[in-house]
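What you see is a predicted model; the values in this text were computed from it and never measured. By convention in this document, chain letters (A, B, ...) are assigned in the order of the sequence lines, proteins followed by strands, and residues within each chain are numbered from 1. Atom set for the values below is all heavy atoms of this structure, side chains included, hydrogens, waters and symmetry mates excluded.
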There are 2 protein chains.
Amino acid sequence: MSDDLATRLREQGLRLTPQRELILRAVEELRHATPDEVLAHVRGQVSSVNASTVYRTLEVLEELGLVRHTHLSDRAPTYHSTLEHEHVHVVCRRCRRVRSYDPDLVAPVVAALAADGFAMDVGHLAIFGECADCGHPPEPT
Amino acid sequence: MSDDLATRLREQGLRLTPQRELILRAVEELRHATPDEVLAHVRGQVSSVNASTVYRTLEVLEELGLVRHTHLSDRAPTYHSTLEHEHVHVVCRRCRRVRSYDPDLVAPVVAALAADGFAMDVGHLAIFGECADCGHPPEPT
DNA sequence: TTGGTTGCAAAGTATTTGCAACATG
DNA sequence: CATGTTGCAAATACTTTGCAACCAA
């Protein structure tokens with residue numbers, strides 16, 4: 001997987017650096033992390049890595065297809081490794097819990113949109129709502 | 001509809017102001033607008049309205065259920081009036097075009113998640129992907 | 001008159017960019 | 001050793017907040 005990084009970078013005339021390795025590994029380990037969280041993680045591990053490097057690297061890694069991002073909050077984007085199989089994110093607004101669903105969940109939507117000539121990006125999808133069994137009490141009805 | 005505004009505000013002990021009327025009307029007219037676009041629109045029409053007022057007002061209007069927002073780009077949120085019937089947003093990453101779909105599109109997803117005790121927020125959903133017939137040429141395969 | 005509302009300016013958070021020093025291939 | 005990369009600092013985009021003046025009810 002780090003080999004993959006080296007390979008893909010080389011293909012694009014880009015270079016393998018310790019920062020890029022660290023950041024990719026951080027995304028893989030954290031599962032779902034914002035740029036800030038990635039930064040904190042790599043800093044905890046090694047030398048001082050700069051925030052701009054994190055942003056620039058996440059962009060590169062995404063172009064290389066090694067990471068992806070979705071929006072699990074109204075704030076910063078969340079990155080995850082493409083080593084995980086593709087999944088749909090379902091997040092509860094109340095308890096903030098994030099569940100991953102198999103792409104099957106939205107297969108009918110993919111099909112319907114495909115019929116309209118639209119190729120849906122399943123991995124980017126974030127579905128919001130509220131779960132019944134979340135830690136927080138339900139709103140009075 | 002402006003009556004609705006007055007009514008709902010009063011119910012909450014809030015007040016009807018020209019700014020609030022203008023901003024609500026701007027959202028209705030613009031169909032899909034970011035806070036910035038709303039600001040530009042109301043400024044074009046009347047006196048000087050402040051950006052903070054736009055943010056604060058959009059928040060109030062959303063709490064009152066008169067507007068809603070979704071994220072149609074990685075940047076600012078997009079607001080729309082709830083006078084429009086609820087719809088799902090489908091946006092092409094290449095040509096940036098936004099199409100509105102009937103909630104029926106995602107009915108199977110709503111049902112599947114409901115079975116898991118999750119109440120999906122359909123109006124907030126934004127589906128990304130690429131349309132075949134967008135102005136831009138397809139990427140080489 | 002009371003208390004919600006606005007404008008203004010400053011602060012805050014998230015992200016981007018220019019550029020010189022640096023390090024990979 | 002050529003060119004991609006990084007760190008740093010400043011700039012930018014977007015949003016929030018404190019507060020005094022203001023105005024709707």
- Tell me: CG of A:Asp74 to P of C:dT13, nearest whole Å? 17 Å
- Task: Inspect the contact between B:Arg75 and B:Asp36 and indicate whether a charged nitrogen and a carboxylate oxygen are less than 4.0 angstrom apart.
- Result: no
- Using only side-chain N and O atoms of B:Gln19, determine if any of them is under 4.0 Å from OP1 or OP2 of C:dG7. yes
- Name the residue closer to the 5' end of DNA chain D, choosing between B:Glu59 and A:Gly13 according to the nucleotide with the nearest heavy atom. A:Gly13
- Between D:dA13, C:dG7, D:dT15, which nucleotide gets closest to the side-chain atoms of B:Val49? C:dG7
- Message: If we count only N and O atoms by modelled type, under 3.5 Å, do the side chains of A:His85 and A:His87 hold a donor and an acceptor together?
- Response: no
- Note on the structure: Whether each nucleotide of nucleotides 17-25 of chain C has a protein heavy atom under 4.0 Å at its base (B), only at its sugar-phosphate (S) or at neither (-) is summarised, 5' to 3', as BB----BBS
- Message: Can you tell me which nucleotide in D:dT6, C:dT15, D:dT15 comes closest to the side chain of B:Ala76?
- Response: D:dT15
- Could you tell me whether the phosphate oxygens of D:dT15, OP1 or OP2, come under 4.0 Å of any side-chain nitrogen or oxygen in B:Tyr55? yes
- Message: Would you say that A:His89 contacts A:His32 through its side chain, given a criterion of any heavy-atom pair below 4.5 Å between the two side chains?
- Response: yes
- Message: Please check this pair: side chain of A:Glu62 against backbone of A:Glu59, looking for a donor-acceptor N/O pair closer than 3.5 Å.
- Response: no
- Query: So, B:Asp74 versus A:His71: side-chain donor-acceptor pair below 3.5 Å or not?
  - Reply: yes
- Message: Ring-plane angle category for A:His69 and A:Tyr79, please: parallel below 30°, perpendicular beyond 60°, tilted otherwise.
- Response: tilted
